[in-house]
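Heads up: the structure comes next, in structure tokens.
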Protein chains: 2
Amino acid sequence: MGATKTDHFTKRQNEIANLMKALSHPARVAIIDHLLKVAACVCGDIVAELPLAQPTVSQHLKELKNAGLIKGDIEGNSVCYCINEKTFAKFEALLQPIFGKVKAKASSCC
Amino acid sequence: MGATKTDHFTKRQNEIANLMKALSHPARVAIIDHLLKVAACVCGDIVAELPLAQPTVSQHLKELKNAGLIKGDIEGNSVCYCINEKTFAKFEALLQPIFGKVKAKASSCC
DNA sequence: TAGCTAAATCGTAATATTGCGATATTAAAG
DNA sequence: CTTTAATATCGCAATATTACGATTTAGCTA
């Protein structure tokens, strides 16, 4: 055991969970923060920004990329990472109904 | 190793990461879905709804409670779980600026 | 009190994540 | 072609998560 039973849940629930997981580590939130702050799409700058070793940052970048939250363009020697707006838009669209329903509920109990 | 270096990141980044982690499992998304759907605050109904054993569901409920996303009121024999709107509002407030900045950026590169 | 039901906790196995040193890979520079 | 720089990948150790059977806790009812 220990393997998540993803097949028992809806596609939507798994999509939400996957996007949440991608941002469930402060380093990855910090990477997104940085990519939003800097005008240009930084590459190895991210490694310099974070208090983590290069291989570790590379791994976090890979996870964000797998989740589709960032894109990586090879630019000669280095790689240019940047926000993938499409996925963020989808994420927002998935969360909107939840936040909306929470507000509509208005403490029906407890 | 293996322990997340939470102390190297900002309080905000850790807060976001923690809330994300709480919803990074489809079962926990399903629990929130269910609590939003049902008018009354269900208790053991959640166990019946999910394709998981009772101890497993109890564990997921505990994590959602620890993150502050749900509340649990003891009601005689059983427990009444429900959405904690305050935390959801905070979560939304934390994400809003990110989604906003993503849209404002409008593919500056890549 | 004894028995029943609902939920939490314990203990443990399987698996996943995090972090990083060492090592590849790839492309520009000399 | 060799060197250098920037990233990615490998392999491993430490730790965390997921799942659940067995057990405990707590309240209700008879």
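For C/dA6, the base has no donor-acceptor partner in the side chain of B/Q54 [N/O atoms by modelled type, under 3.5 angstrom]. With hydrogens and angles ignored, a donor-acceptor pair closer than 3.5 Å exists between the side chain of B/Q59 and the base of D/dC20.
Following rounding to the nearest Å, B/E63 (CD) and D/dA16 (P) show an atom-to-atom distance of 13 Å. In this entry the distance linking NE2 of A/H25 with P of D/dT17 reads 11 Å, nearest Å. Nucleotide C/dA7 holds its P atom 13 Å from the CG atom of B/D73, rounded to whole Å. Taking atom CG of B/L61 as the reference point, atom C1' of D/dC20 lies 15 Å away to the nearest angstrom. Atom CD in A/E75 sits roughly 17 Å away from atom C1' in D/dA8 (whole-Å rounding). Look at NZ on B/K71: it is 18 Å from P on C/dA7, rounded to the nearest Å. Residue A/L23 contributes atom CG, which lies 14 Å from atom P of C/dT17 at whole-angstrom precision. The interatomic distance linking B/I74 (CD1) with C/dA8 (C1') rounds to 10 Å, in whole Å.
Of the candidates C/dG21, D/dT18, D/dA22, the closest approach to any side-chain atom of A/A53 belongs to C/dG21. The listed nucleotides are C/dA8, D/dT7, C/dT18; the one nearest the side chain of B/V79 is C/dA8. Here D/dT9 is the nucleotide among D/dT9, C/dG19, D/dA8 with the atom lying nearest to any side-chain atom of A/P55.
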Notebook entry, point to check: Please walk me through it: do A/L64 and A/L23 pass side chain to side chain contact (heavy atoms under 4.5 Å, CB included)?
Noted result: CA-CA 8 Å; A/L64 285 171; A/L23 292 175; 4.0 Å; yes
Note to self: Assess the residue pair A/L36 and A/I83 against the criterion (side chain to side chain contact (heavy atoms under 4.5 Å, CB included)); give the C-alpha distance rounded to whole Å, side-chain angles, the decisive distance to 0.1 Å, and a yes or no.
What the structure shows: CA-CA 7 Å; A/L36 285 173; A/I83 297 288; 3.9 Å; yes
Next item on the list: Go through the steps to decide whether B/D73 and B/V79 satisfy the test side chain to side chain contact (heavy atoms under 4.5 Å, CB included), and finish with yes or no.
Entry: CA-CA 6 Å; B/D73 265 27; B/V79 178; 5.9 Å; no
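One finds no side-chain N or O of A/Y81 lying less than 4.0 angstrom from the OP1 or OP2 phosphate oxygen of D/dA6. The side chain of A/T56 contributes an N or O atom lying less than 4.0 Å from OP1 or OP2 of C/dC20. Proximity of A/H60 to the phosphate of C/dT17: no side-chain N or O atom is located under 4.0 Å from OP1 or OP2. Residue B/K21 places at least one side-chain N or O under 4.0 Å from the OP1 or OP2 atom of D/dT17. Here B/S58 reaches the OP1 or OP2 of C/dA8: one of its side-chain N or O atoms lies under 4.0 Å away.
Nucleic acid contact class of B/L52 (heavy atoms, under 4.0 Å, all strands): sugar-phosphate only. Nucleic acid contact for A/K65: none, since no nucleic acid atom lies under 4.0 Å from a heavy atom of the residue. As judged by a 4.0 angstrom heavy-atom cut-off over every strand, B/S78 is placed among residues touching the sugar-phosphate backbone only.
In terms of position on DNA chain D, the residue among A/K62 and A/N77 whose nearest nucleotide sits closer to the 5' end is A/N77.
Between A/F9 and B/H25, the ring planes are perpendicular. Angles over 60° get that label, and only those under 30° would be called parallel.
A donor-acceptor contact shorter than 3.5 Å links the side chain of A/Q13 to the backbone of A/T10.
Under a 4.0 Å N-O distance rule, the pair A/K103/B/E92 qualifies as a salt bridge.
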